[in-house]
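The structure appears right after this line, and notes come after that.
Order of listing sets the numbers, starting from 1, for every ligand and every atom in it. Counting begins at 1 with the first residue of the sequence.
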Amino acid sequence: MSSQSSIPWFDDFVGVAYRYYDLRMNVVPLFTERKEASSLWHDTIHSWVDPSIKIRFLEIGENYWFIMGADSQKPDTNLAFFKELPKSENYERFKKGHGGEAYLRLGVYAKKSLDDVKKDAVCQCSHEAQDHDEGDDDVCLFNKCSCKKFSSFQVNLLKKKKTITDIKFMEEKDLKSDPLVWNCIGVNEFSKTK
Ligand SMILES: [Zn+2]
Ligand SMILES: [Zn+2]
């Protein structure tokens, strides 16, 4: 048995952001609590050996599985990450633009309401905060927009980073060829109740 199959799988994070920062693409697993993100970094990712970090993107239809693992200097606290997510514009941009390298950082995701933001903050409906009614229900006042409530989010990146140089995009037919992906799908997909 490879050591890989004994590493617990972790999916208790809210998503993954892809951002340009420090001249390089950043892959950013997102958490809602800063404390949670920094202790996970401290306990697990800090001990990862950079050249061993692998990120796999297994594309299935409109979704993809984000799968990440590495060898650790402290194998007993090691974790492997996975999350099934919908493909997004930022994901596609990362896929095209990463050039074989990225930084791994953790991020804290904060939802913002109309009271929290400046007038030019952009809502998920694509219109600015100042286009939304400041009354009780902050509906979008923009011509024919159907948005009923201002909402946007902000991602704060933690400073610490690791360099990832092993990045692969795969389809379902390739999954047996990659031990990390095969293990992830075996443990997490086939164990789901159907
Ligand atoms: Zn809106
Ligand atoms: Zn709008």
Single-linkage hydrophobic cluster, 4.5 Å side-chain cutoff, V181 and W9 together: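 Per the 4.5 Å side-chain linkage, V181 and W9 are co-clustered.
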
ILVMFWY cluster, V187 and I67 together (side-chain gap under 4.5 Å):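 Yes: a chain of side-chain contacts under 4.5 Å links V187 to I67.
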
F153 and Y109 aromatic ring geometry - parallel, tilted or perpendicular at 30°/60° bounds: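 Geometry flag for F153 against Y109: parallel rings.
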
Plane angle bin for F81 and W48 - parallel if under 30°, tilted between 30 and 60°, otherwise perpendicular: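 Perpendicular.
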
Tally of protein N, O or S atoms, where distance to the Zn ion (ligand 2) is under 2.8 Å: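 If we list every protein N, O or S atom nearer than 2.8 Å to the Zn ion (ligand 2), we get 4.
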
Pair H98 and F169, ring centroids less than 6.0 Å apart: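 That pair passes the under 6.0 Å test.
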
Non-hydrogen atoms of V117 and K112 that approach each other most closely: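 Closest approach of V117 to K112, heavy atoms only: CG1-CB, 3.6 Å.
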
